[in-house]
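Worth saying up front: this structure is predicted, and the values here are computed from it rather than measured.
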Amino acid sequence: MTLLDGKRIAAEIRQELYGEVSEMKQKPSLAVILVGNNSASEVYVKGKIKACEEVGIHSYSYRLPENSTQKEVEKLVSSLIQKKEINGVLVQLPLPKALDADKILNLIPPEKDVDGFSPLNFGKVALGEKGVSACTPLGVIELLSRYNIEITGKHAVIVGRSKIVGRPLAMLLLNRDATVTICHSKTQNLKEECLRADILIAAIGRERFITADMVKNGAVVVDVGINRAEDGKLYGDVDFENIKEKAAYITPVPGGVGPMTIAMLLKNTVEAARKKQ
(Lines give C-alpha, C1' and ligand atoms only; values in the text may rest on other atoms or scores of the structure.)
Protein backbone atom coordinates (compact mmCIF):
# COMPACT_ATOMS: atom_id res chain seq x y z
CA MET A 1 0.00 0.00 0.00
CA THR A 2 1.24 3.46 -0.95
CA LEU A 3 -0.13 6.51 0.82
CA LEU A 4 -1.24 9.31 -1.51
CA ASP A 5 0.25 12.16 0.49
CA GLY A 6 -1.76 15.21 -0.55
CA LYS A 7 -0.11 17.36 2.07
CA ARG A 8 3.34 16.78 0.57
CA ILE A 9 2.21 17.20 -3.03
CA ALA A 10 0.29 20.38 -2.18
CA ALA A 11 3.44 21.81 -0.59
CA GLU A 12 5.35 21.08 -3.80
CA ILE A 13 2.66 22.82 -5.86
CA ARG A 14 2.69 25.88 -3.60
CA GLN A 15 6.46 26.10 -4.03
CA GLU A 16 6.06 25.93 -7.80
CA LEU A 17 3.37 28.62 -7.72
CA TYR A 18 5.57 30.83 -5.53
CA GLY A 19 8.17 30.75 -8.29
CA GLU A 20 5.58 31.69 -10.91
CA VAL A 21 4.07 34.49 -8.86
CA SER A 22 7.46 35.98 -8.00
CA GLU A 23 8.06 36.52 -11.73
CA MET A 24 4.71 38.20 -12.38
CA LYS A 25 4.65 41.99 -12.68
CA GLN A 26 1.27 42.23 -10.95
CA LYS A 27 0.55 39.79 -8.13
CA PRO A 28 -2.64 37.71 -8.38
CA SER A 29 -5.45 38.54 -5.98
CA LEU A 30 -8.32 36.56 -4.49
CA ALA A 31 -11.45 37.75 -2.67
CA VAL A 32 -13.06 35.29 -0.26
CA ILE A 33 -16.59 35.76 1.10
CA LEU A 34 -17.74 33.96 4.24
CA VAL A 35 -21.39 34.18 5.23
CA GLY A 36 -22.56 32.96 8.62
CA ASN A 37 -20.99 31.12 11.53
CA ASN A 38 -20.07 27.70 10.13
CA SER A 39 -16.99 26.69 12.16
CA ALA A 40 -15.68 24.33 9.47
CA SER A 41 -15.98 27.07 6.85
CA GLU A 42 -14.04 29.45 9.09
CA VAL A 43 -11.20 26.93 9.28
CA TYR A 44 -11.22 26.44 5.51
CA VAL A 45 -11.14 30.18 4.85
CA LYS A 46 -8.22 30.68 7.24
CA GLY A 47 -6.37 27.88 5.46
CA LYS A 48 -6.99 29.48 2.07
CA ILE A 49 -5.84 32.91 3.24
CA LYS A 50 -2.69 31.43 4.74
CA ALA A 51 -1.94 29.49 1.56
CA CYS A 52 -2.38 32.66 -0.51
CA GLU A 53 0.16 34.47 1.65
CA GLU A 54 2.61 31.58 1.24
CA VAL A 55 2.70 31.83 -2.55
CA GLY A 56 2.43 35.63 -2.80
CA ILE A 57 -1.24 35.98 -3.76
CA HIS A 58 -2.99 39.03 -2.34
CA SER A 59 -6.12 37.97 -0.46
CA TYR A 60 -9.16 39.94 0.66
CA SER A 61 -11.53 38.44 3.22
CA TYR A 62 -15.15 39.55 3.61
CA ARG A 63 -17.40 38.37 6.44
CA LEU A 64 -21.19 38.68 6.45
CA PRO A 65 -23.52 37.71 9.32
CA GLU A 66 -25.70 34.57 9.37
CA ASN A 67 -28.88 36.58 8.81
CA SER A 68 -27.62 38.34 5.67
CA THR A 69 -30.23 38.65 2.95
CA GLN A 70 -29.92 37.40 -0.62
CA LYS A 71 -29.73 40.99 -1.80
CA GLU A 72 -26.89 41.85 0.61
CA VAL A 73 -24.74 38.92 -0.47
CA GLU A 74 -25.42 39.54 -4.15
CA LYS A 75 -24.51 43.22 -3.70
CA LEU A 76 -21.12 42.29 -2.22
CA VAL A 77 -20.38 39.76 -4.96
CA SER A 78 -21.41 42.24 -7.65
CA SER A 79 -19.12 44.90 -6.24
CA LEU A 80 -16.12 42.56 -6.01
CA ILE A 81 -16.37 41.18 -9.53
CA GLN A 82 -16.16 44.76 -10.86
CA LYS A 83 -12.81 45.44 -9.16
CA LYS A 84 -10.06 45.19 -11.75
CA GLU A 85 -7.42 44.32 -9.17
CA ILE A 86 -9.28 41.16 -8.09
CA ASN A 87 -8.62 38.09 -10.25
CA GLY A 88 -10.79 35.59 -8.43
CA VAL A 89 -13.93 35.71 -6.28
CA LEU A 90 -14.77 32.78 -4.02
CA VAL A 91 -17.97 32.33 -2.00
CA GLN A 92 -17.33 29.79 0.75
CA LEU A 93 -19.89 26.98 0.79
CA PRO A 94 -22.20 25.97 2.34
CA LEU A 95 -24.19 29.17 2.60
CA PRO A 96 -27.00 29.62 5.15
CA LYS A 97 -30.10 27.72 4.04
CA ALA A 98 -32.12 30.89 3.48
CA LEU A 99 -29.82 31.89 0.60
CA ASP A 100 -29.95 30.75 -3.03
CA ALA A 101 -26.36 29.60 -3.55
CA ASP A 102 -26.71 28.93 -7.29
CA LYS A 103 -28.02 32.43 -7.96
CA ILE A 104 -25.13 33.96 -6.01
CA LEU A 105 -22.44 31.82 -7.65
CA ASN A 106 -23.83 32.51 -11.12
CA LEU A 107 -23.06 36.21 -10.63
CA ILE A 108 -19.33 35.45 -10.80
CA PRO A 109 -18.07 35.74 -14.40
CA PRO A 110 -16.17 32.72 -15.79
CA GLU A 111 -12.85 34.57 -15.85
CA LYS A 112 -13.08 35.23 -12.07
CA ASP A 113 -14.67 31.89 -11.19
CA VAL A 114 -11.62 30.27 -9.58
CA ASP A 115 -13.82 27.64 -7.89
CA GLY A 116 -14.96 26.31 -11.26
CA PHE A 117 -18.68 26.40 -10.38
CA SER A 118 -20.03 28.66 -13.15
CA PRO A 119 -22.26 26.96 -15.75
CA LEU A 120 -19.92 28.05 -18.55
CA ASN A 121 -16.81 26.59 -16.93
CA PHE A 122 -18.64 23.40 -15.98
CA GLY A 123 -19.93 23.11 -19.54
CA LYS A 124 -16.47 23.57 -21.03
CA VAL A 125 -15.05 20.84 -18.81
CA ALA A 126 -17.96 18.55 -19.72
CA LEU A 127 -17.26 19.12 -23.42
CA GLY A 128 -13.56 18.46 -22.97
CA GLU A 129 -12.65 22.07 -23.67
CA LYS A 130 -10.29 24.28 -21.70
CA GLY A 131 -12.14 25.78 -18.76
CA VAL A 132 -11.66 26.33 -15.04
CA SER A 133 -12.15 23.02 -13.23
CA ALA A 134 -13.65 22.70 -9.75
CA CYS A 135 -10.84 22.63 -7.20
CA THR A 136 -11.48 19.32 -5.41
CA PRO A 137 -11.94 17.24 -8.60
CA LEU A 138 -8.91 18.91 -10.14
CA GLY A 139 -6.96 18.16 -6.96
CA VAL A 140 -7.87 14.47 -7.22
CA ILE A 141 -6.65 14.33 -10.83
CA GLU A 142 -3.44 16.17 -9.97
CA LEU A 143 -2.74 13.84 -7.05
CA LEU A 144 -3.17 10.75 -9.23
CA SER A 145 -0.97 12.32 -11.89
CA ARG A 146 1.85 13.17 -9.49
CA TYR A 147 1.95 9.54 -8.39
CA ASN A 148 1.96 8.38 -12.03
CA ILE A 149 -1.29 6.46 -11.57
CA GLU A 150 -2.73 5.49 -14.95
CA ILE A 151 -6.25 6.76 -15.63
CA THR A 152 -6.64 5.88 -19.32
CA GLY A 153 -8.66 2.72 -19.78
CA LYS A 154 -9.29 2.27 -16.06
CA HIS A 155 -12.72 1.84 -14.50
CA ALA A 156 -13.36 4.69 -12.08
CA VAL A 157 -16.32 4.48 -9.68
CA ILE A 158 -17.41 7.67 -7.92
CA VAL A 159 -19.72 7.35 -4.92
CA GLY A 160 -21.46 10.72 -4.78
CA ARG A 161 -22.99 12.93 -7.49
CA SER A 162 -22.70 16.46 -6.08
CA LYS A 163 -22.13 19.43 -8.36
CA ILE A 164 -19.02 20.25 -6.34
CA VAL A 165 -17.22 16.89 -6.58
CA GLY A 166 -18.94 13.89 -8.14
CA ARG A 167 -20.23 15.31 -11.41
CA PRO A 168 -17.24 17.49 -12.39
CA LEU A 169 -14.81 14.75 -11.35
CA ALA A 170 -16.63 12.31 -13.65
CA MET A 171 -16.09 14.73 -16.55
CA LEU A 172 -12.37 15.13 -15.79
CA LEU A 173 -11.93 11.35 -15.66
CA LEU A 174 -13.85 10.90 -18.92
CA ASN A 175 -11.62 13.52 -20.54
CA ARG A 176 -8.67 11.30 -19.58
CA ASP A 177 -10.28 8.24 -21.16
CA ALA A 178 -11.42 6.44 -18.03
CA THR A 179 -14.63 4.43 -17.96
CA VAL A 180 -16.72 6.15 -15.31
CA THR A 181 -19.58 4.98 -13.11
CA ILE A 182 -21.34 7.41 -10.77
CA CYS A 183 -23.12 5.89 -7.77
CA HIS A 184 -25.56 7.65 -5.45
CA SER A 185 -28.28 7.09 -2.87
CA LYS A 186 -30.58 5.39 -5.39
CA THR A 187 -27.91 3.06 -6.82
CA GLN A 188 -28.77 -0.61 -6.53
CA ASN A 189 -26.04 -3.16 -5.73
CA LEU A 190 -23.61 -0.46 -4.56
CA LYS A 191 -21.17 -3.01 -3.20
CA GLU A 192 -20.94 -4.80 -6.56
CA GLU A 193 -20.41 -1.50 -8.37
CA CYS A 194 -17.59 -0.52 -6.03
CA LEU A 195 -15.90 -3.91 -6.39
CA ARG A 196 -15.54 -3.24 -10.12
CA ALA A 197 -13.48 -0.12 -9.54
CA ASP A 198 -9.82 0.20 -10.46
CA ILE A 199 -10.11 3.71 -9.01
CA LEU A 200 -12.70 4.13 -6.25
CA ILE A 201 -13.57 7.67 -5.15
CA ALA A 202 -15.78 8.32 -2.12
CA ALA A 203 -17.45 11.73 -1.85
CA ILE A 204 -20.68 11.33 0.11
CA GLY A 205 -20.01 12.82 3.56
CA ARG A 206 -20.75 9.67 5.56
CA GLU A 207 -18.19 8.49 8.08
CA ARG A 208 -16.37 5.26 7.09
CA PHE A 209 -19.22 4.32 4.74
CA ILE A 210 -16.97 2.45 2.28
CA THR A 211 -15.91 -0.79 3.97
CA ALA A 212 -13.24 -3.34 3.09
CA ASP A 213 -15.68 -5.76 1.47
CA MET A 214 -16.55 -3.05 -1.09
CA VAL A 215 -12.97 -2.66 -2.36
CA LYS A 216 -11.16 -5.04 -4.68
CA ASN A 217 -7.54 -5.94 -4.08
CA GLY A 218 -5.11 -3.53 -5.71
CA ALA A 219 -7.60 -0.70 -6.20
CA VAL A 220 -6.72 2.98 -5.94
CA VAL A 221 -8.90 4.48 -3.19
CA VAL A 222 -9.46 8.24 -2.99
CA ASP A 223 -11.35 9.56 0.04
CA VAL A 224 -12.83 13.04 -0.47
CA GLY A 225 -14.94 12.99 2.69
CA ILE A 226 -14.08 14.52 6.03
CA ASN A 227 -16.38 13.88 8.99
CA ARG A 228 -16.02 14.62 12.70
CA ALA A 229 -17.13 11.60 14.73
CA GLU A 230 -18.54 11.45 18.25
CA ASP A 231 -15.04 10.78 19.59
CA GLY A 232 -13.98 14.16 18.23
CA LYS A 233 -11.65 12.67 15.59
CA LEU A 234 -11.79 13.26 11.86
CA TYR A 235 -12.64 10.36 9.58
CA GLY A 236 -13.19 10.08 5.87
CA ASP A 237 -15.90 8.31 3.92
CA VAL A 238 -13.61 5.29 3.73
CA ASP A 239 -12.81 2.80 6.52
CA PHE A 240 -9.11 3.53 6.16
CA GLU A 241 -7.71 1.09 8.74
CA ASN A 242 -9.47 -1.93 7.25
CA ILE A 243 -8.96 -0.99 3.61
CA LYS A 244 -5.34 0.21 3.54
CA GLU A 245 -3.88 -3.30 3.19
CA LYS A 246 -6.18 -4.14 0.26
CA ALA A 247 -5.54 -0.94 -1.69
CA ALA A 248 -2.54 -0.31 -3.91
CA TYR A 249 -2.88 3.42 -3.20
CA ILE A 250 -5.05 5.25 -0.67
CA THR A 251 -5.48 8.82 0.58
CA PRO A 252 -5.44 9.60 4.31
CA VAL A 253 -7.95 11.84 6.08
CA PRO A 254 -6.87 14.45 6.90
CA GLY A 255 -3.85 15.12 4.68
CA GLY A 256 -5.08 13.63 1.42
CA VAL A 257 -7.48 15.47 -0.87
CA GLY A 258 -8.06 18.49 1.40
CA PRO A 259 -4.66 20.15 0.89
CA MET A 260 -4.94 19.48 -2.86
CA THR A 261 -8.21 21.40 -3.04
CA ILE A 262 -6.55 24.54 -1.68
CA ALA A 263 -3.53 24.06 -3.94
CA MET A 264 -5.81 23.94 -7.00
CA LEU A 265 -7.61 27.09 -5.85
CA LEU A 266 -4.25 28.87 -5.81
CA LYS A 267 -3.39 27.42 -9.21
CA ASN A 268 -6.70 28.60 -10.70
CA THR A 269 -6.17 32.07 -9.23
CA VAL A 270 -2.67 32.37 -10.68
CA GLU A 271 -3.96 31.18 -14.05
CA ALA A 272 -6.78 33.76 -13.97
CA ALA A 273 -4.24 36.53 -13.28
CA ARG A 274 -1.94 35.25 -16.02
CA LYS A 275 -4.78 35.27 -18.57
CA LYS A 276 -5.68 38.83 -17.64
CA GLN A 277 -2.08 40.02 -17.91
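Placement of Ile182 and Val257 within a single hydrophobic cluster is found when ILVMFWY residues are connected by side-chain heavy-atom separations under 4.5 Å, directly or transitively. Residues Tyr249 and Ile151 share a single hydrophobic cluster, defined by chaining ILVMFWY side chains whose heavy atoms lie under 4.5 Å apart. Under a hydrophobic-cluster definition in which Ile, Leu, Val, Met, Phe, Trp and Tyr are linked whenever side-chain heavy atoms come within less than 4.5 Å, directly or via other members, Phe122 and Val125 are assigned to different clusters. Side-chain heavy atoms closer than 4.5 Å link hydrophobic residues (I, L, V, M, F, W, Y) into clusters, and following such links, possibly through other members, connects Leu105 to Met264. No single ILVMFWY cluster, assembled from side-chain heavy atoms under 4.5 Å apart, contains both Val238 and Leu4.
To the nearest 0.5 Å, the span separating CD on Glu142 from CE on Met260 amounts to 5.5 Å. Considering CD1 of Ile226 and OH of Tyr44, their distance stands at 5.0 Å, rounded to 0.5 Å. Note that the CD1 atom of Ile262 and the CD1 atom of Ile13 stand 12.0 Å from one another [nearest 0.5 Å]. Taken from CD1 in Ile86 to OG1 in Thr269, the straight-line distance is 11.5 Å, to the nearest 0.5 Å. A distance of 10.0 Å separates CD in Glu129 from CG in Asn175, rounded to the nearest 0.5 Å. Separating the CG atom in Leu265 from the SG atom in Cys135 is a distance of 4.5 Å, to the nearest 0.5 Å.
Under a 4.0 Å N-O distance rule, the pair Glu271/Lys267 does not qualify as a salt bridge. A salt bridge is absent between Lys50 and Glu54: the closest approach of a Lys/Arg side-chain nitrogen to an acidic carboxylate oxygen does not fall below 4.0 angstrom. Salt bridge status for Glu207 with Lys233: absent, with no side-chain N to carboxylate O gap under 4.0 Å.
Not a single donor-acceptor pair under 3.5 Å links the side chain of Ser145 to the backbone N or O of Ile141. With Arg176 contributing its side chain and Thr152 its backbone, the two residues share no donor-acceptor pair below 3.5 Å. Lys27 places no side-chain N or O within donor-acceptor distance of the main-chain N or O of His58, the cut-off being under 3.5 Å. Between the side chain of Asn121 and the main chain of Phe117, no donor-acceptor pair closer than 3.5 Å is present. In this structure a side-chain-to-backbone donor-acceptor pair under 3.5 Å is missing from Asp177 to Gly153. Side-chain atoms of Thr251 come within 3.5 Å of backbone N or O of Asp223 as a donor-acceptor pair. Not a single donor-acceptor pair under 3.5 Å links the side chain of Lys244 to the backbone N or O of Met1.
The shortest heavy-atom contact between Leu3 and Tyr147 is O-OH, 3.3 Å. Across all non-hydrogen atoms, the minimal contact from Pro94 to Asn38 is CG-ND2, 3.9 Å. The heavy-atom pair separating Leu120 from Pro110 by the smallest distance is CD2-CG, 3.4 Å. In terms of heavy atoms, Asn87 sits closest to Ser29 at OD1-N, 2.9 Å. Closest approach of Gly218 to Ala248, counting heavy atoms only: O-CB, 3.4 Å. Shortest non-hydrogen contact noted between Pro259 and Ala10 is O-CB, 3.5 Å.
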Test side-chain contact (heavy atoms from CB on, under 4.5 Å) applied to Thr136 and Val224, step by step:
CA-CA 8 Å; Thr136 298; Val224 179; 3.7 Å; yes
Which is it for Lys46 and Ser61 under the side-chain contact (heavy atoms from CB on, under 4.5 Å) test, yes or no, and what are the steps along the way?
CA-CA 9 Å; Lys46 286 181 181 178; Ser61 181; over 6 Å; no
Residues Lys154, Val220; criterion side-chain contact (heavy atoms from CB on, under 4.5 Å); working and verdict:
CA-CA 10 Å; Lys154 300 299 182 181; Val220 177; over 6 Å; no
Before giving the answer on side-chain contact (heavy atoms from CB on, under 4.5 Å), spell out for Met171 and Leu174 the whole-Å C-alpha distance, their side-chain angles and the decisive distance to 0.1 Å.
CA-CA 5 Å; Met171 297 302 103; Leu174 278 172; 3.9 Å; yes
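Of the candidates Arg8, Arg14, Gln15, Arg8 is the only one forming a side chain to side chain donor-acceptor pair (under 3.5 Å) with Glu12. Of the residues Leu173, Leu200, Asp198, the one that meets the side-chain contact (heavy atoms from CB on, under 4.5 Å) test with His155 is Asp198.
Residues Lys48 and Leu90 have side chains in contact (heavy-atom distance under 4.5 Å, counting atoms from C-beta outward). Taking the side chain as every heavy atom from C-beta outward, Thr211 and Asn242 never approach each other to under 4.5 Å. Annotation: side chain of Thr187 is in contact with side chain of His184 (closest heavy-atom distance under 4.5 Å). Side-chain contact check for Phe240 versus Val253: every heavy-atom pair is 4.5 Å or farther apart. Two residues are said to be in side-chain contact when any heavy atoms from C-beta on lie closer than 4.5 Å; Ser59 and Val32 fail this criterion. The closest side-chain heavy-atom distance from Arg146 to Leu143 is not below 4.5 Å. Gln92 has its side chain out of reach of Val35: every pair of non-hydrogen atoms, C-beta onward, lies at least 4.5 Å apart. Here the side chains of Ile57 and Leu17 are not in contact, with every heavy-atom distance at 4.5 Å or above.
Within a 6.0 Å sphere centred on OH of Tyr60, other residues, nucleotides and ligands contribute more than 12 heavy atoms. Within a 6.0 Å radius of CZ in Arg206, no more than 12 heavy atoms belonging to other residues, nucleotides or ligands are found. More than 12 heavy atoms of other residues, nucleotides or ligands shown are found within 6.0 angstrom of NZ on Lys275. More than 12 heavy atoms of other residues, nucleotides or ligands shown are found within 6.0 angstrom of CD on Gln277.
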